[in-house]
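Presented below is the structure to which this report refers.
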Amino acid sequence: MSTPAATDFVARAGHVLTMGPAGDLTDGAVAAEQGRIAAVGPFAAVRSRYPHLPVIGDAHGILLPGLVNAHTHFSEALLSGMGEDLSIWVWGARVLLPTMAHLTREMARVGTLFRGAELIRSGVTTVNDMFCHANPAEFASLGVVDALEELGLRGVACFGAEDMAWKAFVPLPVPRILDEHHELARRAAATRRIGFRLGVGTILAQTDALLEQSAALARQQGWGVHTHLAEVREEKTEAQLRWGVSTVERAEAVGLLAAGCVAGHGVWVSGAEMDRLAATGTAIIHNPTANMILASGVCPLGELAHRGVRLALGTDGMASNDSQNMIEVLKLGALLQKVHHQDPAAADARQMLRLATIGGATALGLGAVTGSLEVGKQADLVRLDGASFGAAVLHDPYQQLVHGAGPEAVADVWVDGVPLLRDGAFVSARPRDLVPRVRELAAQLARAGRLAKLSCLAR
Ligand SMILES: [Zn+2]
């Protein structure tokens, strides 16, 4: 018999959380062949069908689908750890806007390589990014695709365009913005694992001309949309003053919600708006860490779910999260609901893991590809080591994973059956080697954005 390909293996664990029709398996396994899931079931049965394949894992630990980080910004990869006391409008004006003209494709590439490794470390196999910049000299957002391809991550790329002039911020002209959407879509189409969405930074940060042309372009090209909606209370007031309607209503009126829209936040939404989000199939991505850091409010997760809105989880960008630790997001997502409602049953670990796996995949239109362990789907898997602090004692694997595990428990990560993390060691990524370059570019960006009040690197 010939030697099996490196992507052909049997992954075994004490608890296999399939997040699909097979439910939870005790001492279960997944067989991967040619990048796809070939079998899911009890270890003994899978082993007897695939006796020639190497077995990774043992009768302990947890095996689950790769996590889906459904909302982040690699444009903030070099901007972590600043401005913790700033509200969102001030934070945007002081931290983000001054740096946007100085972001380069190289910064996008290096930043994504570094933070993408952090995602892999916390079990993420699919990431939905929105790269926001205003550099007239380069299509900087393409650097994200360069890096995701190099890392082997599955992803969706988008250019989070904004063109409202504000103080010293000089926006890109509308035709230049539309050109970058086209270029990024072409670059993504040339890859195997990276999709594209048309990005609308925020509804309020776009002129009516750009917003209307963006919606028309998305419709024309059949592109999905990625934006932010109803993140903070001030957004409601400003939209009412500008248009006499909310941003959700404005987005629907211009046709953005008809284009398979994925929107970060959905914190400040009325019951009627929730019904519109559900009716249009708009997915709301909950980012509890960023909502807490920026004191934006508490996403009405229970009510959104009750009204049938598609839901997923995200880290949000590094300027409003400071890390890309997706396991932390699962925990904070549950804890925020518990304390807000003063009810420990307000959210649970199973719900959080569902949002971060099949919920995220479905929100991104990738439900047939990833998000659960089912025969025929791509072999995007994560194995937590049964000898780690986080996964050694498994009274309930969901609760232990969400509340007790961290990135150090993640032993193996595969995308399309290709190992990105093997026994705790990176295969495709070299984050430690990148650190000097990451520091250099972070200092360069902080100086260019004149962030001396906030950043030691800019002084
Ligand atoms: Zn965001």
Side-chain angles (χ1 to χ4, degrees), residues 68-80 82-84 86-97 99-100 103 108 111-112 115-116 118-119 124 126-134 141 144 155-162 164 197-206 214 224-235 247-248 251 256 261-269 277 282-299 311-326 328-329 332-333 336 355-356 360 363-364:
V68 178
N69 180 2
H71 180 71
T72 192
H73 306 278
F74 287 124
S75 42
E76 300 170 9
L78 306 170
L79 295 172
S80 56
M82 274 187 279
E84 65 169 347
L86 303 178
S87 68
I88 191 166
W89 251 236
V90 180
W91 165 83
R94 292 202 191 148
V95 181
L96 298 185
L97 284 182
T99 57
M100 280 172 66
L103 283 163
T112 305
R115 298 303 184 174
E118 195 179 359
L119 287 174
V124 171
T126 300
V127 58
N128 183 37
D129 183 59
M130 176 193 285
F131 195 92
C132 302
H133 81 96
S141 63
V144 171
V156 182
C158 113
F159 168 38
E162 304 186 345
M164 286 288 274
R197 282 179 174 265
L198 180 136
V200 173
T202 67
I203 309 293
L204 279 166
Q206 292 209 342
S214 297
V225 168
H226 184 184
T227 189
H228 295 86
L229 277 177
E231 180 170 1
V232 285
R233 196 165 46 183
E234 293 93 317
E235 183 179 324
T247 47
V248 172
L256 282 183
C261 188
V262 168
H265 305 301
V267 173
W268 294 92
V269 280
L277 295 172
T282 302
I284 289 295
I285 315 305
H286 178 38
N287 307 281
T289 320
N291 291 164
M292 285 195 271
I293 286 185
L294 290 167
S296 304
V298 180
C299 180
L311 293 169
L313 285 182
T315 55
D316 213 341
M318 284 116 290
S320 66
N321 180 314
D322 303 311
S323 90
Q324 289 293 283
N325 180 350
M326 189 66 187
E328 183 181 72
V329 170
L332 292 180
L336 178 56
L355 297 190
L364 298 177

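In each ligand, atom 1 is the first atom listed, and ligand 1 is the first ligand listed. Predicted model only: the values in this text are computed from it and were never measured.
The CD atom of Glu84 lies 8.5 Å from the CD1 atom of Ile293; values are rounded to the nearest 0.5 Å.
Under 2.8 Å from the Zn ion (ligand 1) lies an N/O/S atom of Asp316, whether from backbone or side chain. The Zn ion (ligand 1) has an N, O or S atom of His71 closer than 2.8 Å.
Between Thr72 and Gln324 the shortest heavy-atom distance is OG1-OE1, 2.9 Å.
Take the Zn ion (ligand 1) as the corner point: the lines to NE2 of His73 and to NE2 of His228 open at 100°, to the nearest 10 degrees.
Each of Glu235, Glu231, His228 was evaluated against Thr247; a single residue qualifies, Glu235, per the side-chain hydrogen bond (donor to acceptor under 3.5 Å, both in side chains) test.
Every side-chain contact (heavy atoms from CB on, under 4.5 Å) that Ala108 has, sequence neighbours left out, goes to Phe131, Val144.
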